[in-house]
Asker: 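Take a look at the following structure, please.
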There are 2 protein chains.
Amino acid sequence: MTLADTAYYALRRDIITGALAPGLPLRMAMLCERYGMGMSPLREALNRLQAERLVDAISLKGFRVAPLSLAELADTTQARILIETEALRLSIAKGGDAWETGIVGALHALSLQSQRGEGAGEALEQRHHAFHLALIAACDSRWLLGFFEKLYAESERYRTQSLTAQRAAHGRDIDAEHRAMAEATLARDSDRAVALLAEHYRRTEDFVVAHFQPAASARRA
Amino acid sequence: MTLADTAYYALRRDIITGALAPGLPLRMAMLCERYGMGMSPLREALNRLQAERLVDAISLKGFRVAPLSLAELADTTQARILIETEALRLSIAKGGDAWETGIVGALHALSLQSQRGEGAGEALEQRHHAFHLALIAACDSRWLLGFFEKLYAESERYRTQSLTAQRAAHGRDIDAEHRAMAEATLARDSDRAVALLAEHYRRTEDFVVAHFQPAASARRA
DNA sequence: AAGCCGGTGATTTTCGAAAATCCCCCTTGC
DNA sequence: GCAAGGGGGATTTTCGAAAATCACCGGCTT
């Protein structure tokens, strides 16, 4: 893996987790120090992230972490439901044994980690992503899967801004929602699976809206 | 505008028009010569294009123009219909006078250029893009508009591969299709507008499939 | 006192060379 | 004859400095 790839993944993670706050100006000198490399690989990584809308670039004024806003969150959720419900329908129509197996496995791994409690945030997030990917993995569309990844990353940024996503549990059993989705999907009940998925995302949006800290977004810079 | 931006737009155009053939390896020395700049801005442009799937990058082996295939074309068309039909429905629901005005104007400009005949390929393409954008301009979703741009670019690559897109006219009146779409849209008849749009894209796909020259894709390199 | 102009320092952008890596072909050994 | 190993050249990747641009501040004019 090249340094540019390393920089890309590191920056991506730091932006999604919020280690680099929304709106933060990304000065080259600071980034060189932080990631221990020259500016060439960093600039390449930033250009990729710009195309994914995780950073903004302004000509001759450099880069900054893309800011967050509730209006953008609504758009993201809406797009996400559109993409993933279609991908889920396609998967249900086309998926075979390997796909079903992947869902069952991902759900189990997610459930284990989720009961394990507070400490394991990083792994929990990874398994949550793996589960949602498993659901739509058989859709057989590079475009839909690519859009899914971008939208998932953007959604995750909002979730981490909401009180460190501490147990979204407020009157909500997320494990049960995941189980219900998996069940409807494996039963090849497209309409029910799609409805559950959309509802899942709408609730997540509501939770984020309720706990969103606009202060977390740095000023325009 | 920075050199990197210049390189980005120039490369993007050359890839979409086919001036840089699908599959062609993009050697830095060749690109420096062709675009008259050093490699830093070129590499930044290539990284952006990679995120848009117009070029492939393989670690330590450089970049190449993303290859085309009929399987990918089917996926692109399917994704395009999903995105644009939703964006069209939203636009019809939300659009105001400015939006309607934009459609009428874009349709007129397109029609003028299209009757003007063979010579004006570049301008025709630009107006064709402007028309399709005008239809969905009121959807008020950055994500959907962004996806539209990527999918449009990819579709355009296939169209230019098909016999220089010479008058797709084979038993087809494209102007009439555009007029019908605009009419249904302005009448706020979502279902009919969406059906016409989807049919428009399916026919374009069929035309491309019929005239596609697989030889045009350079070998794996 | 308010507004405009110019200079200085900070920052981004770009270049060209150095370092690292890969590809191809030739040699060598079995 | 064929596979494995190695060397030379081509290519990508990375660095650090130079060039270009911007932002801020103080002074000057009105």
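Only a predicted model underlies this, so the values are computations on that prediction, with no experimental measurement involved. A note on names: the letters A, B, ... follow the listed sequences, proteins ahead of strands, and every chain is numbered from 1.
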Asker: To the nearest angstrom, how far is A:Gln50 atom CD from C:dT12 atom P?
Answerer: 15 Å
Asker: Regarding A:Ser40, tell me which of base, sugar-phosphate or nothing describes its non-hydrogen contacts under 4.0 Å with the strands shown.
Answerer: base
Asker: What distance do B:Leu49 atom CG and B:Asp56 atom CG have between them, rounded to the nearest 0.5 Å?
Answerer: 11.5 Å
Asker: Can you check the A:Arg27 CZ to D:dT21 P distance for me, whole Å?
Answerer: 20 Å
Asker: Can you measure A:Met1 atom CE to C:dT21 atom P for me and round it to whole angstrom units?
Answerer: 14 Å
Asker: Whole angstrom is fine here: how far is it from CE in A:Met28 over to P in C:dT12?
Answerer: 7 Å
Asker: To the nearest Å, give me how far apart CG (B:Leu31) and P (D:dT11) are.
Answerer: 12 Å
Asker: Under 3.5 Å, is there a donor-acceptor pair linking the side chains of A:Asn47 and A:Tyr8?
Answerer: no
Asker: So if I take every side-chain heavy atom of B:Arg43 and compare against C:dT21, C:dA17, D:dT12, which nucleotide ends up nearest?
Answerer: D:dT12
Asker: Does a side chain donor of either B:His211 or B:Gln161 reach within less than 3.5 Å of an acceptor in the other side chain?
Answerer: no
Asker: Could you state the CD-P distance from A:Glu44 to C:dT14, rounded to the nearest angstrom?
Answerer: 13 Å
Asker: Can A:Glu205 and A:Tyr158 be counted as having a side-chain donor-acceptor contact under 3.5 angstrom?
Answerer: no
Asker: Nearest to the side chain of A:Leu60, which nucleotide is it out of D:dT14, D:dT21, C:dT14?
Answerer: D:dT21
Asker: What is the distance, to the nearest angstrom, from the CG atom on A:Asp5 to the C1' atom on D:dT12?
Answerer: 13 Å
Asker: Decide whether a cation-pi geometry holds between A:Arg80 and B:Trp143; the criteria are a distance under 6.0 Å from NZ or CZ to the six-membered ring centre and an angle within 45° of the ring axis.
Answerer: no
Asker: Atom CE of A:Met39 to atom C1' of D:dA17: distance rounded to whole Å?
Answerer: 8 Å
Asker: So which nucleotide from D:dC15, C:dT13, D:dT12 ends up closest to the side chain of A:Leu3?
Answerer: D:dC15
Asker: Heavy atoms under 4.0 Å, any strand shown: does A:Leu42 hit a base, just sugar-phosphate, or nothing?
Answerer: nothing
Asker: For B:Phe63 and for A:Ser59, locate the closest nucleotide of DNA chain D by heavy-atom distance; then report the residue assigned to the nucleotide nearer the 5' terminus.
Answerer: B:Phe63
Asker: Among D:dA23, C:dC15, D:dT13, which is the nearest nucleotide to the side chain of B:Met37?
Answerer: C:dC15
Asker: Applying a 4.0 Å non-hydrogen cut-off, can you work out what A:Leu46 is touching in the nucleic acid: base, sugar-phosphate, or nothing?
Answerer: nothing
Asker: Tell me whether the OP1 or OP2 atom of C:dC23 has a side-chain N or O from B:Lys61 closer than 4.0 Å.
Answerer: yes
